[in-house]
Amino acid sequence: MLIVPERDIADLITRKAAFDAVEKVFAAMASGAAYNFPVVRESLGHEDALYGFKGGFDRAGLMLGLKAGGYWPNNLEKRGLINHQSTVFLFDPDTGKPTAMVGGNLLTALRTAAASAVSIKHLARPDASVIGMIGAGHQATFQLRAALEQRPFKKVIGWNYHPEMLPNIEKIAAEAGLRFEAVDLPGMGEADVIISITSAFAPSLMADHVSSGTHIACMGTDTKGKQEVEAALLARARVFTDEVTQSITIGEAQHAVAQGLLAESDIVRLGSVINGSDQGRTSDTQITLFDGTGVGLQDLAVAAAVVDLAVENGLAIEVDF
Ligand code: NAD
């Protein structure tokens, strides 16, 4: 069994490797070669922690495993550790024996950023030039960096519930040599692509804040009850997702479906667009919306990529198990 510790991940994986792994596994999910297991998420009643498992099996890529982890809100203050903690375990699908244990913290950030970047590649208008960010926390910086590689954006605009956090994303724009402007929510009408990545339980972005032809990646809603955008916006858009089951239960689409504004059958898997079995955006004026809920197979795909890189670079620790 191979171990790749968290400390080595940053030196091994690249945004491109994460993007390629996620794009490939989304396609495998849509073709039926790969599927995700039902998500387990438990409130432990200890340290206010949320803990759970996301797993899956990719028959084509021969990847089997799970990510175990969650959120420990007291970690930083009490122990100087980051609050999100996760580890990926890979197994040999022929024997069930464990093959790898991989640090999952940075990988989670990179695979989530890769998902919205893959949606932009396949769904945003080719001439998209302004990108809007809703959210300016830890994950927002990863999302923006990966998104900027998908189109020759000329400007970044941003809104955040806590405006004092906006410099986090302004810094990423500056690193890419782009102008940044803080806007109010109606100002998002200037954006050709919008990424929302917040922990909100009530919508910020309303249907009339968005212009025709925009692509929106809703990335923050990954739990029942969370919501970032008005349900009516999903009714105005062609809606895509990583995994339909998750989209309608824990994703952004849960609200539009519950309100009868969107049918489960209206939601298209992004992998179908990647595979070429769905045309994706059908006009320059259509609004496309990607509901990125985060699936176990994304974690397995980036973890498997990092194990290969660790072996190539002599950094994988081998243990008898
Ligand atoms: P963070 O705590 O660093 O940032 C939280 C963000 O939400 C900040 O921008 C904050 O200002 C904003 N926010 C807080 N309360 C708000 C409110 N009431 N209304 C609007 N905005 C509000 O967290 P993060 O690590 O950046 O993660 C953001 C979200 O993304 C979380 O909800 C997390 O669960 C989710 N997430 C999703 C995936 C996925 O695969 N879809 C993966 C990782 C994280």
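Each ligand, and each atom within it, is numbered from 1 in the order the structure gives. We're numbering straight along the sequence, starting at 1. Atoms considered below: every heavy atom in the structure, side chains included; atoms not considered: hydrogens, waters and symmetry mates.
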**Prompt:** For ligand 1, does N160 get within less than 4.0 Å through its side chain, its backbone, both, or neither, judged by non-hydrogen atoms?
**Reply:** side chain
**Is_contact(atom 25 (O) of ligand 1), protein non-hydrogen, under 4.0 Å** = yes
**Request:** Examine the proximity of ligand 1 to S199 and report which part, side chain or backbone, both or neither, has a heavy atom under 4.0 Å away.
**Result:** both
**Item:** Protein contact to atom 4 (O) of ligand 1 [nearest heavy atom, distance to 0.1 Å]
**Value:** G137 CA, 3.5 Å
**Any Q298 heavy atom less than 4.0 Å to ligand 1** = no
**Fill in**
ligand 1 atoms nearer than 4.0 angstrom to some heavy atom of T112 are 38 (C), 39 (C), 40 (O), 42 (C), 43 (C)
**Message:** Geometry only, no angles: is G135 polar-contacting ligand 1 at N/O separations under 3.5 Å?
**Reply:** no
**Asked** Can you check whether V210 reaches I287 side chain to side chain, under 4.5 Å on heavy atoms?
**Response** yes
**Request:** Identify which of Q246, Q139, H138, H162 has a heavy atom lying nearest to atom 10 (C) of ligand 1.
**Result:** H162
**Prompt:** Just which atoms of ligand 1 are under 4.0 Å from any heavy atom in G292?
**Reply:** 41 (N)
**Message:** Give me the nearest non-hydrogen protein atom to atom 16 (C) of ligand 1 as residue plus atom name, then the distance to 0.1 Å.
**Reply:** Y161 CD2, 3.5 Å
**Item:** Proximal atoms of ligand 1 relative to A200 (non-hydrogen, under 4.0 Å)
**Value:** 17 (C), 19 (N), 20 (C)
**Message:** I'd like to know whether E230 forms a side-chain hydrogen bond (donor to acceptor under 3.5 Å, both in side chains) with H255, so could you lay out the CA-CA distance, the side-chain angles of the two residues, the decisive distance to 0.1 Å, and finally the verdict.
**Reply:** CA-CA 9 Å; E230 188 182 21; H255 307 287; over 6 Å; no
**Asked** Which protein heavy atom lies closest to atom 40 (O) of ligand 1, and at what distance to 0.1 Å?
**Response** R111 NH1, 2.8 Å
**Prompt:** Using 4.0 Å as the upper bound for N to carboxylate O, is an ion pair formed by R125 and D192?
**Reply:** yes
**Message:** Is the shortest side-chain heavy-atom distance between N105 and S86 below 4.5 Å?
**Reply:** yes
**Prompt:** Do the charged groups of K121 and E149 touch, with an N to O distance under 4.0 Å?
**Reply:** no
**Message:** Quick check: D222 and ligand 1, any N/O pair under 3.5 Å apart?
**Reply:** yes
**Same apolar cluster: F142 and I13, side chain cutoff 4.5 Å** = yes
**Message:** Would E228 count as a contact residue for ligand 1, given that I'm defining contact as a non-hydrogen atom of the residue lying under 4.0 Å from a ligand atom?
**Reply:** no
**Message:** Show the atoms of ligand 1 that are less than 4.0 angstrom away from any heavy atom in G294.
**Reply:** 40 (O), 41 (N)
**Request:** Pick whichever of E164, K226, M219 has a heavy atom sitting closest to atom 37 (C) of ligand 1.
**Result:** M219
**Asked** Charged N to carboxylate O under 4.0 angstrom, R269 versus D242?
**Response** no
**Request:** Indicate, as side chain, backbone, both or neither, the part of T293 found under 4.0 angstrom from ligand 1 when only non-hydrogen atoms are considered.
**Result:** backbone
**T198 and E228: side chain donor to acceptor below 3.5 Å** = yes
**Prompt:** Is a salt bridge present between D222 and K226, judged by a nitrogen-to-oxygen distance below 4.0 Å?
**Reply:** yes
**Request:** Can you sort out which atoms of ligand 1 are near M165, meaning under 4.0 Å from one of its heavy atoms?
**Result:** 8 (C), 11 (O)
**Prompt:** Among side-chain atoms of T108 and K67, is any donor-acceptor pair under 3.5 angstrom?
**Reply:** yes
**Request:** If you have a sec, work out which protein heavy atom is nearest atom 30 (O) of ligand 1 and how many Å separate them, to one decimal?
**Result:** I197 CD1, 3.3 Å
**Message:** Between L262 and V239, does the side-chain contact (heavy atoms from CB on, under 4.5 Å) criterion hold? Intermediate values first, please.
**Reply:** CA-CA 9 Å; L262 183 75; V239 179; 4.0 Å; yes
**Any N or O of A136 closer than 3.5 Å to N or O of ligand 1** = yes
**Item:** Donor-acceptor pair between R281 and T288 side chains, under 3.5 angstrom
**Value:** yes
**Prompt:** With distance as the sole criterion, is a donor-acceptor pair present between the side chains of N168 and T141 under 3.5 Å?
**Reply:** no
**Prompt:** Below 3.5 angstrom, do we get any N/O pair linking T108 and ligand 1?
**Reply:** no
**Asked** Considering only the protein, which heavy-atom contact is closest to atom 29 (C) of ligand 1, and what is its distance?
**Response** T198 O, 3.4 Å
